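Notes follow the structure.
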Amino acid sequence: IGIPFVPGVSTPSELNMALKLGCDLVKIFPAGELGGVGYINAVTAPFKLREFHLVPTGGISENNIAEYFTNPRVVACGASYVVDGRLVAGGDFDALRERIRGVVKNLAASR
């Protein structure tokens, strides 16, 4: 209908449906609970000839975010861990800043 969107999938069948519908950017959720990068590698293997990219979300933190980018299909990660609502509500911007720095540090170290 002409509205940009990113469908969310969890299974190979759902990924196949999204690709058949012409989606070239797909969210995988909950990535961590499904098995992380190992799951993403396994679920995308049958689709090697298809051109698409992924945005994993769910269970991603500063400790594992860099690992997700080892899969060349991953172009972004959703990491709600970084901006914890309790820290925002409490005005603990120093803690938020440190979380962001931790993510940036781990991503930079992985390059």
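All figures in this text were calculated on a predicted structure; none of them were measured in a lab.
- Through side-chain heavy atoms spaced under 4.5 Å, either directly or across other Ile, Leu, Val, Met, Phe, Trp or Tyr residues, Met17 is tied to Leu21.
- Side chain of Ser10 to backbone of Phe29: a donor-acceptor contact under 3.5 angstrom is found.
- The minimum heavy-atom distance linking Leu19 with Phe47 is given by the pair CD1-CD2, 3.7 Å.
- A donor-acceptor contact shorter than 3.5 Å is absent between the side chain of Asn63 and the backbone of Asn106.
- Here the shortest heavy-atom pairing between Pro7 and Ala18 reads CG-CB, 4.0 Å.
- In plain terms, the two heavy atoms of Leu54 and Ile40 that are nearest each other are CD1-CG2, 3.6 Å.
- Contact record, Ile60 with Cys77: CD1-CB, 4.0 Å, taken as the closest heavy-atom pair.
- For residues 12-25, the set of pairs meeting the side-chain hydrogen bond (donor to acceptor under 3.5 Å, both in side chains) definition, not counting sequence neighbours, is empty.
- Screening residues 67-86 for side-chain hydrogen bond (donor to acceptor under 3.5 Å, both in side chains), with sequence neighbours left out, gives Asn41-Asn71, Glu62-Tyr81, Asp84-Arg86.
- Residues forming a salt bridge (Lys or Arg N to Asp or Glu O under 4.0 Å) with Glu98 (at least two apart in sequence, or on another chain): Arg101.
- Taking each heavy atom of Ser61 and Asn64 in turn, the nearest pair found is N-OD1, 2.7 Å.
- Grouping Ile, Leu, Val, Met, Phe, Trp and Tyr by side-chain contacts under 4.5 Å, direct or through others, puts Leu25 with Val6, Val55, Val75.
- Judged by distance alone, with hydrogens and angles left aside, the side-chain atoms of Arg99 form no donor-acceptor pair with the main-chain N or O of Val83 at under 3.5 Å.
- Rounding to the nearest 0.5 angstrom, the gap separating the CG atom in Leu34 from the CD1 atom in Ile28 is 7.5 Å.
- Evaluation of the side-chain contact (heavy atoms from CB on, under 4.5 Å) rule for Ile100 yields Val82, Val104 as partners, not counting sequence neighbours.
- For the pair Leu15/Phe52, a side-chain contact is recorded, criterion being any heavy-atom separation below 4.5 Å from C-beta on.
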